[in-house]
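This report concerns only the one structure given below.
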Amino acid sequence: MTAEARLLLGQVAVGQSLPELAIDVTPTTVVLGALASRDWRPMHHDYKFATERNGVADIFLNTPNQAAWFERYVTDWAGPRARLGRMKFRMKTSVFPGHRMVFTAIVTAVSTDSAGCGWVSIDVALSVGAAEADPSTYVVASTCEVRLALPDSPTDNPWSRSGEQWIP
Amino acid sequence: MTDLPVAVTSVIGISQYLQIATFDVENSYAYNTLAATENANPLFWDDAVAQELTSGRILPPTTLSLWMRPHYWEPGAEGEQVALQVHFDLKKIFELPEAVMTDNTIIFYEPVRAGDRISNSQVLKSVSGPKTTKLGSGRFWVIDVEFKNQHGALVGIESYTGFGYRRDQEGAAS
């Protein structure tokens, strides 16, 4: 594996789309994600609690794990030199076992801040539907606005920034 | 005019529940998160990459809140251990048995490394008036959580919007 820059700031333009990522969600996906994030709340592992007490269709993906999925999606595209600055996400409906999660995204801004750090803003959509259903029927379960630092040259490293040089 | 009780208005904007994690940051949780999300980023798997970019291993940024989540059980603890106490305080004050998180903003500062000991504090930013959604009737609230490492360096800020509610159709409780 290599630390070479996979994507440089100059290679990104507003309106650019990220490659789609599709993941079939199982009960294991939900439980593994909840336990990995030390989230012991029963709606993320107990079907009866989720359906009978919370009144939802099944156990569902927890918030920190959704954040981790968004991180994985954007850094798959941008590479290890890319550094997350900020994520803002909104959950509109839950992600349940049996769903297919489809991540799509578009670049909404490319900029350089006052400290000289390059940034891209990305709007990510997480859509869900039955795995066997027509993807055109999927609904957006969550949206995420990501502010991601990218290197502006092969030797630039956003991870080296600290203090006043890091403005997320 | 506000319809909020003093128990709520008196803590808006006030830092509460300063807590220090009871365990050090460890890489095994990075692997759990990476496995759960099938994340192959070499920054978290390859020592040479980590050394070049971050002078050693760091944890995936989105594991930020993980380090302050209490153990499910530990000696001497009674009842359910919860991570975001202000959220549960509000559920109790307003007698709203159910709650969901609707919005989450995370701002990342200094990377978190194995061996770090994280601390955090919670600030209630706002509480809405009564609202009704498809889930039920209740209120929205915004809580900020500030995370620091053992050196006092800011490692991240999380802002949660929660909706505490009572289901309209029957007497569900949690």
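First the proteins, then the strands, lettered A, B, ... as listed; each starts at 1.
Not a single donor-acceptor pair under 3.5 Å links the side chain of Q122(B) to the backbone N or O of Y17(B). Of the possible donor and acceptor atoms, none in the side chain of R53(A) sits under 3.5 Å from a partner among the backbone N and O of P42(A). Using modelled atom types, one side-chain atom of E71(A) and one backbone atom of T62(B) make a donor-acceptor pair closer than 3.5 Å.
For chain A, the option among N104(B), I58(B), L154(B), L135(B) with the highest count of heavy-atom pairs below 4.5 Å is N104(B). When the candidates M43(A), Q66(A), R83(A), R161(A) are compared by the number of heavy-atom contacts under 4.5 Å with chain B, R83(A) comes out ahead. Between chain A and the options N32(B), D103(B), L43(B), heavy-atom pairs under 4.5 Å are most frequent for D103(B). Annotation: maximal heavy-atom pairing with chain B below 4.5 Å, among R72(A), K88(A), R38(A), occurs at R38(A). Taking chain B as the reference chain and counting heavy-atom pairs below 4.5 Å, the highest number among M87(A), K92(A), E145(A) is found for M87(A). Chain A forms more heavy-atom pairs under 4.5 Å with one residue of M101(B), K134(B), E38(B) than with any other, namely E38(B). Put simply, of T105(B), L53(B), N39(B), L34(B), the one with the most heavy-atom pairs under 4.5 Å next to chain A is L53(B).
Heavy atoms closer than 4.5 Å to chain B are found nowhere in R147(A), neither backbone nor side chain. Heavy-atom distances place both the backbone and the side chain of D39(A) under 4.5 Å from chain B. Only the backbone of L35(A) comes within less than 4.5 Å of a heavy atom in chain B; its side chain stays farther off. If you measure heavy-atom distances from S65(B) to chain A, the contacts under 4.5 Å come from the side chain alone. At a 4.5 Å heavy-atom cutoff, E158(B) makes no contact with chain A through either its backbone or its side chain. When heavy atoms are compared at a cutoff of 4.5 Å, Y165(B) approaches chain A solely by way of its side chain, counted from C-beta outward. At a 4.5 Å heavy-atom cutoff, the contact between T75(A) and chain B is made by side-chain atoms alone.
Scanning both residues, P111(B) and D116(B), for their nearest heavy atoms gives O-OD2, 4.2 Å.
Taking the six-membered ring where the residue is Trp, the centroids of Y31(B) and W45(B) are separated by under 6.0 Å. Aromatic pair F70(A)/F103(A): centroids less than 6.0 angstrom apart.
Annotation: side chain of P168(A) is in contact with side chain of W166(A) (closest heavy-atom distance under 4.5 Å).
Salt bridge D3(B)/R139(B): present, at least one basic N to carboxylate O contact under 4.0 Å.
Within 6.0 Å of CG in L18(B) there are more than 12 heavy atoms belonging to other residues, nucleotides or ligands.
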